[in-house]
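Okay, structure first, notes after.
Hydrogens, waters and symmetry mates are skipped; everything else that's a heavy atom, side chains included, is used.
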Amino acid sequence: MAKDCSFDVVSEFDKQELVNAVDQVKRDVASRFDLKDSGSSVELEGDKAITITTSDDMKLRNIYDILQTKLVKRNLSTRILDPQPAENALGGKVRQVINLKKGLNQELAKKIVADIKETKKKVQASIQGDQVRVSGKDKDDLQEVIRLLRSNEEKYDYPLQFTNYR
């Protein structure tokens, strides 16, 4: 009697690591000589967005680069960042909201399911909320699907994780 094996394709991030990375960015902004007295701020708004407010575009780019560096050091993908266009704020400052990508949206989930079906492997893929469950009888087929999805991660522009591998 063969038992089905399965795994879930999700797009998540460790919230505590994100909080730690943003705290490190705040410390860097407070201590770096070019950013110290610029009135810059970096705020984390739950697990939805990060807001950077500073005096000019160059400082904004510097802070964004620091943020990316801190995320990478904490093993968070920079693909979770979805920067919106910079906008003018009160007092002649510049503000940029960076949305955080969490969960697979419907169109991305459909694209992942289509890519899995294209492989002609004997696996089934189904969308369950903001994740995709892939199941099949052969573990080798499941591992091939994981390899395929990892190689296409650039195309999806979302960080993918594979959980509940059974």
Side-chain angles (χ1 to χ4, degrees), residues 7-116 127-134 143 145-165:
F7 68 89
D8 296 332
V9 181
V10 297
S11 180
E12 297 175 344
F13 54 84
D14 185 350
K15 184 164 179 356
Q16 187 57 50
E17 289 296 332
L18 180 68
V19 168
N20 292 342
V22 170
D23 285 345
Q24 285 183 331
V25 170
K26 287 178 183 178
R27 270 187 249 124
D28 269 16
V29 167
S31 65
R32 272 185 46 167
F33 71 95
D34 59 336
L35 300 172
K36 192 184 294 187
D37 296 324
S38 64
S40 301
S41 69
V42 180
E43 299 300 322
L44 179 63
E45 298 162 12
D47 59 353
K48 301 281 185 224
I50 299 171
T51 304
I52 301 173
T53 308
T54 189
S55 57
D56 60 57
D57 285 334
M58 189 162 150
K59 288 182 177 69
L60 183 69
R61 283 192 303 273
N62 287 344
I63 294 171
Y64 185 71
D65 287 344
I66 294 169
L67 175 64
Q68 288 180 315
T69 304
K70 298 302 181 187
L71 288 177
V72 169
K73 283 185 179 177
R74 296 204 153 266
N75 294 325
L76 292 169
S77 173
T78 56
R79 287 196 187 110
I80 66 171
L81 301 177
D82 182 19
Q84 304 303 308
E87 55 193 36
N88 293 328
L90 291 174
K93 294 191 175 225
V94 180
R95 177 187 316 120
Q96 184 172 26
V97 176
I98 302 163
N99 292 331
L100 300 170
K101 298 178 188 175
K102 187 172 188 174
L104 302 176
N105 59 31
Q106 280 299 109
E107 66 185 44
L108 178 62
K110 287 179 183 176
K111 192 185 303 184
I112 289 172
V113 169
D115 286 350
I116 291 171
I127 300 171
Q128 298 182 340
D130 61 352
Q131 65 185 21
V132 175
R133 165 126 333 139
V134 181
Q143 289 175 343
V145 169
I146 289 175
R147 257 193 296 282
L148 167 85
L149 294 176
R150 281 208 174 114
S151 66
N152 287 346
E153 204 168 8
E154 288 289 325
K155 180 173 93 173
Y156 302 136
D157 196 34
Y158 261 76
L160 300 178
Q161 293 86 33
F162 308 99
T163 60
N164 294 336
Y165 189 83

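Taking CD1 of Ile98 as the start and CG of Leu44 as the end, the distance is 11.0 Å to the nearest 0.5 Å. Annotation: the span from Asp14 atom CG to Arg74 atom CZ amounts to 9.5 Å, rounded to 0.5 Å. Taking CD1 of Ile63 as the reference point, atom OG of Ser38 lies at 5.5 Å (rounded to 0.5 Å). The CG atom of Leu71 lies 5.5 Å from the CD1 atom of Ile80; values are rounded to the nearest 0.5 Å. If you take NZ on Lys155 and CD1 on Ile112, they are separated by 9.5 Å, rounding to the nearest 0.5 Å. Distance check, rounded to the nearest 0.5 Å: CD1 of Ile66 to CZ of Arg32 gives 4.0 Å.
Asn105 places a side-chain N or O within donor-acceptor distance of the main-chain N or O of Leu108, the cut-off being under 3.5 Å. Glu12 places no side-chain N or O within donor-acceptor distance of the main-chain N or O of Gln161, the cut-off being under 3.5 Å. At distances below 3.5 Å, at least one donor-acceptor pair connects side-chain atoms of Gln96 with backbone N or O atoms of Gln84.
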TODO: Could you walk me through whether Leu160 and Val10 pass side chain to side chain contact (heavy atoms under 4.5 Å, CB included), step by step?
DONE: CA-CA 6 Å; Leu160 300 178; Val10 297; over 6 Å; no
Open item on the list: Quick one, Lys101 with Asp157, criterion salt bridge (Lys or Arg N to Asp or Glu O under 4.0 Å). Give me CA distance, side-chain angles, the key distance, then yes/no.
Closed with: CA-CA 10 Å; Lys101 298 178 188 175; Asp157 196 34; 3.3 Å; yes
Open item on the list: Does Asp47 form a side chain to side chain contact (heavy atoms under 4.5 Å, CB included) with Phe13? I'd like the steps, not just the answer.
Closed with: CA-CA 9 Å; Asp47 59 353; Phe13 54 84; 4.2 Å; yes
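Heavy atoms only, all atoms of each residue included: Ser11 and Leu104 are closest at CB-CD2, 3.6 Å. When all heavy atoms are compared, the tightest approach of Tyr64 to Pro83 is OH-CG, 3.5 Å. Taking all atoms of both residues into account, the shortest heavy-atom contact from Ser40 to Val29 is CB-CG1, 3.8 Å.
For the pair Arg133/Asn164, a side-chain contact is recorded, criterion being any heavy-atom separation below 4.5 Å from C-beta on. Proximity of Arg150 to Phe162: side-chain heavy atoms (C-beta onward) are separated by under 4.5 Å at one or more points. Residues Glu17 and Asn75 have side chains not in contact (no heavy-atom distance under 4.5 Å, counting atoms from C-beta outward). Looking only at side-chain heavy atoms (C-beta outward), Leu81 and Leu100 come within less than 4.5 Å of each other. Within the 4.5 Å cutoff, no side-chain heavy atoms of Leu67 are placed close to those of Val42. Two residues are said to be in side-chain contact when any heavy atoms from C-beta on lie closer than 4.5 Å; Ile52 and Val94 fail this criterion.
Under the side-chain contact (heavy atoms from CB on, under 4.5 Å) criterion, Asp37 pairs with no residue, sequence neighbours left out. By the side chain to side chain donor-acceptor pair (under 3.5 Å) test, Lys93 pairs with no residue at all, sequence neighbours left out. Listed by chain and number, the residues in a side chain to side chain donor-acceptor pair (under 3.5 Å) with Glu87 are Arg95 (sequence neighbours excluded). Remark: Gln106 pairs with no residue by the side chain to side chain donor-acceptor pair (under 3.5 Å) rule, at least two apart or across chains.
Counting non-hydrogen atoms of other residues, nucleotides and ligands closer than 6.0 Å to CD of Glu154 gives a total of 12 or fewer.
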May I have the list of side-chain donor-acceptor pairs in residues 20-28 shorter than 3.5 Å, sequence neighbours left out?
residue, atom, partner, partner atom, Å
Asn20, OD1, Gln16, NE2, 3.2
Asn20, ND2, Gln16, O, 3.4
Asp28, OD2, Lys70, NZ, 3.4

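Pairs passing the salt bridge (Lys or Arg N to Asp or Glu O under 4.0 Å) check and including a residue from residues 51-69, sequence neighbours excluded, read Asp56-Lys59.
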